[in-house]
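For reference, the structure discussed in these notes is given below.
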Amino acid sequence: MDVTPIIDSLNDAQRQAVTSDNQHLLILAGAGSGKTRVLVHRMAWLIDVQQQSPQSILAVTFTNKAAREMRNRIENMLGIPTRSMWVGTFHGLAHRLLNHHWAEAGLQQNFQILDSDDQQRLVKRVIKDIGLDENRWPGRQAQWFINGQKDEGIRAKYVEDSDDPFIKTHRKIYLAYEEVCKANSLVDFGELLLRAHELLRDDENLLKHYQERFTNIMVDEFQDTNTIQYAWLRLLTGKSGSMMVVGDDDQSIYGWRGAKIENIQDFTATYPKAETIRLEQNYRSTGTILQAANAVISRNTGRLGKKLWTAEEGGDLISLYSAFNEVDEARFIADFVKRRFEQGNNYSESAVLYRSNAQSRVLEDAMLRANIPYRIYGGHRFYERLEIKNALGYLRLCLNRNDDQSFERVVNTPTRGIGNRTLEDVRTLAREQGISLWQSSVKLIEENLMSGRATNALNAFVELVTDLEASIKDKDLSEMAEQAINSAGLLEFHRAEKGEKGEARVENLLELVGACKSYEADDPDMDTLPQFLAQATLEAGDKQAEEHEDALQMMTFHSAKGLEFPLVVMSGMEENLFPHSMSAEEPGRLEEERRLAYVGITRAEKKLVMTYAECRRIYGEERTNAVSRFVRDVPGELVEEVRATVKRPAAPGTVRATGGSSRKFSTSDKGVDTGFELGQRVAHAKFGEGVILTFEGQGANARVQVNFNSAGAKWLVVSYARLEAI
DNA sequence: CAAACCGGGAAGGCA
DNA sequence: TCCCGGTTTG
């Protein structure tokens with residue numbers, strides 16, 4: 001066997017990881033150290049060199065994107081189809097398992113997956129049904145509680161009863177919620193994992209079967225696993241299996257949603273014979289950036305320890321801009337990005353990161369004003385959109401009449417005169433008789449238990465769904481979708497909506513048909529509708545389109561994980577914002593914030609910019625925050641302050657006296673004051689009168705942007721322009 | 001049924 | 001301050 005292609009391109013640590021014959025491996029993979037590469041090459045090693053079956057591998061990731069990438073790279077490298085391999089997300093694999101063994105898992109064959117939206121609706125209904133005050137017990141909070149318990153692998157009955165009314169009540173809600181889910185075979189995201197774990201734990205034969213099959217278990221982003229996920233992995237690994245976990249404790253940023261950094265920290269305690277390999281060579285960033293990253297993260301305690309290095313020493317200094325306020329900050333970022341663009345870089349090579357979504361608005365404004373195309377990450381994904389969920393709701397109902405979730409969703413969408421009164425009747429009867437909403441409706445109609453008007457309206461709905469089901473029989477997926485959006489009147493409904501919103505929704509509905517078409521093409525001969533529906537819930541769909549458009553990337557620090565950009569701007573680097581004030585109390589949280597900063601820094605390849613505002617409006621209040629400790633942790637010699645002493649008035653356009661808040665800027669290193677201020681009116685020999693907009697640079701190179709009344713905005717070098725204050 | 005109105009809440013977001 | 005969800009009102 002020629003092993004050259006598998007190990008030749010690897011560095012020593014990577015090669016060691018790929019070829020180790022230790023039973024258990026902990027790969028501490030620093031940012032940009034090629035961890036996916038190691039995972040894929042390891043698979044190639046196992047299959048091609050060790051002659052292990054591809055079937056013996058179970059590789060698990062967190063996001064569909066990561067899973068997809070892994071699949072692609074395996075196929076490219078090994079030239080084998082990955083269909084038969086178990087490569088996927090925790091949830092995807094759990095779903096696969098439950099699909100195969102639905103009966104053993106105590107589910108109906110057509111069990112439904114609830115996304116968090118569905119879950120919240122259901123939780124709210126449960127709270128109402130058991131007679132709790134909805135205002136005192138918000139659904140969101142209860143949902144949070146339930147999911148938190150499930151992450152820990154705790155069923156409702158095992159939640160420790162307590163005198164604390166919070167726990168007492170939420171335990172009650174959890175119990176009731178569990179019951180409804182069980183009765184209707186509903187499975188939320190947390191339940192997928194919990195149920196999959198219980199299935200294996202309680203079914204000896206099944207466990208044995210899978211343990212014998214999956215002798216090679218590989219886990220990506222191990223630092224993000226929660227209790228139940230790790231338990232599931234250990235169960236599958238058993239005594240004889242092999243587990244390779246790849247992760248970076250320094251990039252654990254999801255503790256707040258149940259991830260346990262202890263899993264990676266204590267891995268070698270659980271598996272004492274495990275070999276630990278550190279991937280510390282970074283292929284992404286400049287030496288300067290890595291130094292900054294190392295300096296920031298080194299202040300955390302209890303790290304497994306790792307020091308990134310790169311062959312590419314030096315690099316641009318980190319620019320730090322101290323803004324007057326958040327508007328000034330945004331404008332500076334826009335200018336900076338624009339200049340990069342004018343120097344020949346694509347907008348898509350730059351990313352602006354922020355701690356919380358609320359910050360994006362001001363930034364967006366600035367980009368719009370500067371005519372910079374941008375794309376915001378996050379937000380509603382395709383299958384989470386209202387109109388799409390409605391369309392799928394009709395299809396779900398066709399598949400399963402007793403799907404109360406979908407019934408509630410679409411029964412009066414578009415409005416067809418089935419109001420709350422009528423629905424209350426339907427719900428009441430359903431509850432009393434323990435039947436589904438659909439059955440209840442049919443009964444109410446047949447036995448004529450409601451007013452004529454209500455009966456007619458409800459009957460129209462029942463017939464609509466019945467007809468729809470008949471008409472989509474034996475059709476292709478895309479035809480089904482088309483039929484559904486047409487005959488349910490969804491297209492018409494949204495077309496009638498005024499404004500761009502309606503248009504966008506119509507487009508989305510049409511795109512749904514398109515999405516179905518491509519799904520058909522991928523899986524020509526499967527039981528497609530149920531599969532497609534499950535897939536839609538599990539994958540929610542990436543925000544597609546506009547990929548090819550060159551746009552500035554804007555996102556939170558959290559969603560930047562795993563990405564990289566030549567230029568990264570870390571905005572809002574202020575105490576109380578980042579680290580967020582909410583993290584101040586719990587000690588562990590602060591370390592997590594620090595790791596988040598580390599993640600942010602290590603996204604940058606060539607150039608890193610940090611900005612902060614001395615004054616910022618938050619929730620309508622003006623606040624003054626100190627510069628973030630994470631900025632101060634970066635060694636001074638790595639940083640150049642950009643126009644650090646420059647201040648400008650809050651509102652550009654409306655120039656007015658700025659009182660004491662605006663300081664003078666200097667045009668020399670020695671701090672000689674030129675007497676100019678931002679927003680100040682000046683006169684130029686050639687261009688006439690204008691207003692100072694912006695400054696840049698220091699000393700003899702200092703430039704100002706002046707908006708001249710007649711000549712427009714111009715950049716001028718201060719030392720040559722001979723401006724006069726007016 | 002839509003528009004107007006009101007009050008509470010506001011970190012991060014994968015499946 | 002703004003946004004969301006829920007309620008009231010025309």
Side-chain angles (χ1 to χ4, degrees), chain A residues 60-67 88-96 113-121 124 128 134-136 138-141 143-144 147 150-151 187-194 196 220-221 224-226 228-229 252-259 326 353-362 377-381 383-384 412-420 493 496-498 534-542 555-562 572 576-586 589 592-593 595-597 599-600 616-623:
Chain A
V60 58
T61 64
F62 274 84
T63 64
N64 287 299
K65 194 172 158 214
T89 63
F90 277 101
H91 293 83
L93 297 180
H95 179 241
R96 200 162 168 181
I113 304 172
L114 301 181
D115 67 20
S116 56
D117 227 51
D118 303 328
Q119 188 191 26
Q120 192 174 40
R121 288 160 77 110
K124 278 184 182 158
K128 208 187 225 170
E134 298 151 84
N135 294 320
R136 229 188 119 197
R140 261 186 57 101
Q141 202 175 45
Q143 182 186 27
W144 182 262
N147 289 339
K150 289 194 177 187
D151 283 347
V187 177
D188 60 47
F189 287 136
E191 183 73 24
L192 279 171
L193 304 176
L194 185 49
D220 191 17
E221 305 277 17
D224 289 337
T225 50
N226 63 29
I228 194 71
Q229 286 161 337
S252 162
I253 54 174
Y254 286 113
W256 52 274
R257 64 173 198 212
E326 78 277 6
L353 312 185
Y354 36 83
R355 179 64 180 80
S356 60
N357 284 309
Q359 289 167 248
S360 73
R361 274 185 63 126
V362 180
Y377 273 62
H380 270 199
R381 290 173 307 162
Y383 289 109
E384 286 171 347
N412 201 33
T413 314
T415 47
R416 49 173 72 89
I418 303 175
N420 227 337
F493 177 64
E497 265 181 330
K498 37 189 180 286
Q535 186 94 345
T537 309
L538 280 174
E539 288 217 18
D542 296 313
M555 68 197 82
T556 62
F557 283 97
H558 280 93
S559 36
K561 196 171 86 159
N576 297 320
L577 200 65
F578 191 24
H580 197 277
S581 52
M582 295 280 228
S583 305
E585 306 111 44
E586 292 166 80
R589 289 281 175 253
E592 187 158 303
E593 294 280 311
R595 294 193 289 269
L596 188 57
V599 166
R616 180 184 295 272
R617 272 193 114 83
I618 298 175
Y619 306 144
E621 259 179 293
E622 294 254 315
R623 298 245 182 109

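By convention in this document, chain letters (A, B, ...) are assigned in the order of the sequence lines, proteins followed by strands, and residues within each chain are numbered from 1. Since the model is a prediction, treat every value here as computed from it, not as a measurement.
Within 4.0 Å of A:Phe62, counting heavy atoms only, lie sugar-phosphate atoms of the nucleic acid but no base atom.
As rounded to whole Å, 14 Å separates atom P of B:dA15 from atom OH of A:Tyr383. The interatomic distance linking A:Glu134 (CD) with C:dC4 (P) rounds to 21 Å, in whole Å. Between A:Asp117 atom CG and C:dC4 atom C1' the separation is 13 Å, expressed in whole Å. Distance A:Phe90 CZ to B:dC14 P: 16 Å, rounded to the nearest Å. Remark: P of B:dA15 and CG of A:Asp220 are 13 Å apart, rounded to the nearest angstrom. Protein atom CG of A:Asp151 is 11 Å distant from nucleotide atom C1' of B:dA15, rounded to whole Å.
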_What verdict does the side chain to side chain contact (heavy atoms under 4.5 Å, CB included) test give for A:Glu592 and A:Arg595, after you've listed the backbone C-alpha separation in whole Å, the side-chain angles of each residue and the deciding distance to 0.1 Å?_
CA-CA 5 Å; A:Glu592 187 158 303; A:Arg595 294 193 289 269; 3.6 Å; yes
*asked:* Could you walk me through whether A:Arg381 and A:Asp115 satisfy the salt bridge (charged side-chain N to carboxylate O under 4.0 Å, His left out) test, starting with their C-alpha distance in whole Å, then the side-chain angles of each, then the deciding distance to 0.1 Å, before giving a yes or no?
replied: CA-CA 12 Å; A:Arg381 290 173 307 162; A:Asp115 67 20; over 6 Å; no
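The environment of A:Arg96 atom CZ is dense: over 12 non-hydrogen atoms of other residues, nucleotides or ligands sit within 6.0 angstrom.
A ring-centre distance under 6.0 Å is not found for A:Phe62 and A:Tyr254. Under the 6.0 Å cut-off for aromatic ring centres, A:His580 and A:Trp256 do not qualify, their centroids lying 6.0 Å or more apart.
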_Please encode protein proximity along nucleotides 8-13 of chain B as a string of B, S and -, counting only heavy-atom distances under 4.0 Å._
--BBBB
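A:Asp117 contributes atom CG, which lies 7.5 Å from atom CD of A:Glu384 (distance to the nearest 0.5 angstrom). Atom-to-atom distance recorded for A:Asp224:CG and A:Ile253:CD1 is 7.0 Å, nearest 0.5 angstrom. Between A:Glu221 atom CD and A:Thr61 atom OG1 the span is 8.5 Å, to the nearest 0.5 Å.
Although no hydrogens or angles enter the test, the distance criterion places no donor-acceptor pair under 3.5 Å between the side chain of A:Glu621 and the main chain of A:Ile618.
Donor-acceptor pairing under 3.5 Å is lacking for the side chains of A:Asp188 and A:Gln143.
Checked for salt-bridge contact, A:Lys150 and A:Glu191 meet the test: a charged N lies under 4.0 Å from a carboxylate O.
Separating the C1' atom of C:dG6 from that of B:dA11 is a span of 24 Å, rounded to the nearest Å. Between the C1' atoms of C:dG5 and B:dG12, the separation comes to 22 Å (whole Å).
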Quick one: which protein N/O atoms are closer than 3.5 Å to N/O atoms of nucleotides 5-10 of chain C? Pair and distance per line, please.
none

Atom pairs under 3.5 Å, N or O on each side, protein against nucleotides 1-6 of chain B: can you list them with distances?
unit_1: B:dC1; atom_1: OP1; unit_2: A:Thr415; atom_2: OG1; d: 2.7
unit_1: B:dA3; atom_1: OP1; unit_2: A:Lys498; atom_2: NZ; d: 3.0

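In terms of phosphate contacts, A:Asn64 brings no side-chain nitrogen or oxygen within less than 4.0 Å of OP1 or OP2 of B:dC14.
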